[in-house]
A.B. asks: 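Got a structure for you, written out below as structure tokens; questions coming shortly.
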Amino acid sequence: TMSFTPKPGLLTQRLDGEYIVFDPQNDRVHTLNTTAQLIWLKCAERLGIDEMITEITTRYDVPRETVHRDIHQAVSQLCDLGLLCPAGAH
């Protein structure tokens, strides 16, 4: 199963119910929505994509196809922003 981890060196903070990620390398601040925050935290726990899909599908009683699509979209966006990288790639 594919797994991703937060890019090293990022700073995170919860602020007024939002999850803020600061990348000091390029001086950018990102605000994660609830879905992105959940995926980010699961990646930080070293949970693989398949395990993440199973856990979220079970916990929230959502169709597996929907969770699969949403997780892959979110991971792709977080990678494009430079916030996640494939596990073992850093």
A.B. asks: Is it the case that one hydrophobic cluster holds both Phe22 and Trp40, taking links as side-chain heavy atoms less than 4.5 Å apart, direct or via other members?
C.D. replies: no

A.B. asks: Output all residues satisfying salt bridge (Lys or Arg N to Asp or Glu O under 4.0 Å) with Glu18, sequence neighbours left out; order by chain, then residue number.
C.D. replies: none

A.B. asks: Do Met52 and Ser3 come close enough that some side-chain heavy atom pair is under 4.5 Å?
C.D. replies: no

A.B. asks: Would you say Tyr60 and Leu47 are hydrophobically clustered, going by side-chain heavy atoms of ILVMFWY under 4.5 Å?
C.D. replies: yes

A.B. asks: Arg14: which residues meet the salt bridge (Lys or Arg N to Asp or Glu O under 4.0 Å) condition with it, sequence neighbours left out?
C.D. replies: none

A.B. asks: Could you give the side-chain donor-acceptor pairs of residues 63-79 under 3.5 Å, partners two or more places apart or in another chain?
C.D. replies:
unit_1 : atom_1 : unit_2 : atom_2 : d
Arg64  : NH1    : Thr54  : OG1    : 3.2
His68  : NE2    : His72  : NE2    : 3.3

A.B. asks: Set out, in order, the CA-CA distance, both residues' side-chain angles and the distance that settles side chain to side chain contact (heavy atoms under 4.5 Å, CB included) for Asp23 and Lys7, then state yes or no.
C.D. replies: CA-CA 9 Å; Asp23 185 349; Lys7 183 177 109 180; 2.8 Å; yes

A.B. asks: Atom CD1 in Ile53, atom OG1 in Thr58: separation rounded to 0.5 Å?
C.D. replies: 11.5 Å

A.B. asks: Going through the checks in order, is the side chain to side chain contact (heavy atoms under 4.5 Å, CB included) test met by Val21 and Leu32?
C.D. replies: CA-CA 8 Å; Val21 180; Leu32 304 186; 3.8 Å; yes

A.B. asks: Count the heavy atoms belonging to other residues, nucleotides or ligands that lie under 6.0 Å from CG of Asp16, then report whether that count exceeds 12.
C.D. replies: no

A.B. asks: Check whether Leu83 and Val29 end up in the same hydrophobic cluster, where Ile, Leu, Val, Met, Phe, Trp and Tyr are linked by side-chain heavy atoms less than 4.5 Å apart.
C.D. replies: no

A.B. asks: Among residues two or more places apart or on two chains, list those pairs meeting salt bridge (charged side-chain N to carboxylate O under 4.0 Å, His left out) that have a residue in residues 35-44.
C.D. replies: Lys42-Glu45, Lys42-Glu55

A.B. asks: Once salt bridge (charged side-chain N to carboxylate O under 4.0 Å, His left out) is applied, what residue pairs with a partner in residues 71-85 remain, sequence neighbours excluded?
C.D. replies: none

A.B. asks: Look at the side-chain heavy atoms of Ile, Leu, Val, Met, Phe, Trp and Tyr, link any pair under 4.5 Å apart, and say whether Ile39 and Met2 land in one connected group.
C.D. replies: yes

A.B. asks: Can you get from Ile20 to Leu84 by hopping between Ile, Leu, Val, Met, Phe, Trp and Tyr side chains that sit under 4.5 Å apart?
C.D. replies: no

A.B. asks: Which residue pairs satisfy the side-chain hydrogen bond (donor to acceptor under 3.5 Å, both in side chains) criterion with at least one member in residues 28-39, sequence neighbours excluded?
C.D. replies: none

